[in-house]
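Here the structure is laid out as structure tokens; the discussion comes afterwards.
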2 protein chains.
Amino acid sequence: MARRGDSDTLSTKVRERLRLDILSGLWHPGEKLQLAALSAHYETSSTVVREALTRLTGARLVELKPNRGFFVPTLSIDELRDFNELRCRAEEFGIQLAIERGSLQWEAEAHAAHHTLERTPRHASDGSGRVTEEWLTAHEAFHAKLLSSCGLPVLIELSATLADGNSMYRRWAVPTKELLGRNIEDEHREILDAATNRDAARAGKLLRQHYSLTMELIMKAGLLPEALGDSAA
Amino acid sequence: MARRGDSDTLSTKVRERLRLDILSGLWHPGEKLQLAALSAHYETSSTVVREALTRLTGARLVELKPNRGFFVPTLSIDELRDFNELRCRAEEFGIQLAIERGSLQWEAEAHAAHHTLERTPRHASDGSGRVTEEWLTAHEAFHAKLLSSCGLPVLIELSATLADGNSMYRRWAVPTKELLGRNIEDEHREILDAATNRDAARAGKLLRQHYSLTMELIMKAGLLPEALGDSAA
DNA sequence: TCCTGACGAGTAATGCATTATTTAATCCCC
DNA sequence: GGGGATTAAATAATGCATTACTCGTCAGGA
């Protein structure tokens, strides 16, 4: 085997690595995720890769076709609007509960998460315009923290799943000036402000705008052909 | 091995069996699901049991504690109200989309599913008052069919997950006359009627009432002690 | 007596070997 | 030469062996 004294399992770590690799586009939509290739890449046995993939299936980041293998799901721009609406509704409900129930510590942690997000560089320094993995993580952490005090694990998990799905659309959208250059910091600041001032209605509205604006930009930009499933592996 | 010419995998079948066994209460909340015991019970290797359990983890029917094993999640009556609200919101949105987009065939299939449901006996003939597995399946199939034309796979899956969660609460509620004797058939008929007459607002309202009434009855009845996690295996 | 830390049983996690299924390539037969 | 069956290669699914973790138990020392 390959481990010693850590706490959680190899499978968990591989799952997280795979998740980030899919979100960052290392494996692209439609691509077949072969067990042998992945176990070589992640330097572990096919068993743990299989478990990691199976787990990601539950989060809709991987699709399993019985007896055919695992695949990265392809995206459909037609679904994006409904997808976004579902996300908005879920988060509106979530933030409402979270604001009702959040403690002072929650407020503090939300500020902390926001601070981290603000200080994490958004774009890679290589000029590719690609969003960095660190920023993506901080962004999801910020939004997750806002909902964390809602008290409903299903909802937290749902929100994470929908966030990942949205990241996929964002990642495979045609890069445009508007998408790349958008000033997202103000939106986050306002959301944080509404939440920690316990204004659920305003927080919900701001979240909806925040998500919907991104959605509109993605829909205007369209998806890269690699995301539609007709690409080569 | 144990198979030859079927289509989908052993793992899928074991997962479905496990799912129904958990919903029906064969394994109860808090119980540890040991790989060795389960592979003996389902007559297969621990590998496929593990995969089945991992998959069910994604549907929140099983919980995995790293290096500790798999467990049936315990229930908390406090969460039920929020849980129900999330479900209502998701289904209201889903039924709205489904009604906008459903074809004539969808209408027909909804009627078919409803017919099956109506003709499937609800309670076991042994007088235990327990809901039959067949009725449970038909019930979920009916509701799933209503949403099936919404065009958003995430939402369909979410709805199925929430339905399973609700079944758990229903299963582990203290049996009361009101819960056992409720006339649920009229509600289904009305929902079907609203949906196939393309009245989204009414369908949504009826669904909300349908779910919320069950919830209220469960909250009034309370949960059996076995569901709370302090029971022996 | 109570804590601490080492041992050991039980079992979860991982790795690897084997079997089954799919997919494509080849070969007949028309 | 073309279409459908047959065989072969690739790889997904399953089974089993091994390793490593957790937790309970017990011995030794304060």
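In what follows, chains are A, B, ... by sequence order, proteins preceding strands, each numbered from 1. For the numbers below, each heavy atom of this structure counts, side chains included, while hydrogens, waters and symmetry mates do not.
- A:L35 has its CG atom 16 Å from the P atom of C:dA17, to the nearest Å.
- In this structure, B:T44 does not reach the D:dT14 phosphate: none of its side-chain N or O atoms is under 4.0 Å from OP1 or OP2.
- Under 3.5 Å, the side chain of A:T47 and the base of C:dC16 form at least one donor-acceptor pair of N or O atoms.
- The CG atom of B:D8 sits 11 Å away from the P atom of C:dT21 (whole-angstrom rounding).
- For B:Q34, the listed nucleotide lying nearest its side chain is C:dT11; candidates were C:dT11, D:dT11, C:dT22.
- Remark: P of C:dT14 and OH of A:Y42 are 16 Å apart, rounded to the nearest angstrom.
- Rounded to an integer number of Å, the gap from A:R55 CZ to C:dT14 P is 12 Å.
- If you take CD of B:E43 and P of D:dT14, they are 15 Å apart, rounded to a whole angstrom.
- The side chain of A:S45 contributes an N or O atom lying less than 4.0 Å from OP1 or OP2 of C:dG15.
- For A:K32, no side-chain nitrogen or oxygen approaches OP1 or OP2 of D:dT11 to under 4.0 Å.
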How far apart are the C-alpha atoms of B:E51 and B:T9, what are their side-chain angles, what is the distance that settles it, and do they pass the side chain to side chain donor-acceptor pair (under 3.5 Å) test? CA-CA 11 Å; B:E51 175 155 337; B:T9 72; 5.8 Å; no
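- A straight line from CG of B:L64 to P of C:dT14 spans 10 Å, rounded to a whole angstrom.
- For the pair B:F70 CZ and C:dA12 P, the computed distance is 9 Å after rounding to whole Å.
- Between A:H188 and A:H114, the two ring planes are perpendicular [angle over 60°; tilted spans 30° to 60°].
- Whole-Å rounding puts the B:L10 CG to C:dA20 C1' distance at 11 Å.
- For D:dC23, one of the phosphate oxygens OP1 or OP2 lies less than 4.0 angstrom from a side-chain nitrogen or oxygen of B:R68.
- Aromatic rings of A:H139 and A:H143 (six-membered ring for Trp) have centroids within the 6.0 Å cut-off, being under it.
- Within 4.0 Å of B:E51, counting heavy atoms only, lies no atom of the nucleic acid at all.
- Looking only at distances, no side-chain donor or acceptor of A:Y42 sits under 3.5 Å from a matching main-chain atom of A:A37.
- Between B:S46 and C:dA12 there is no side-chain polar atom (N or O) within less than 4.0 angstrom of OP1 or OP2.
- Side-chain contact check for A:P153 versus B:R60: some heavy-atom pair is nearer than 4.5 Å.
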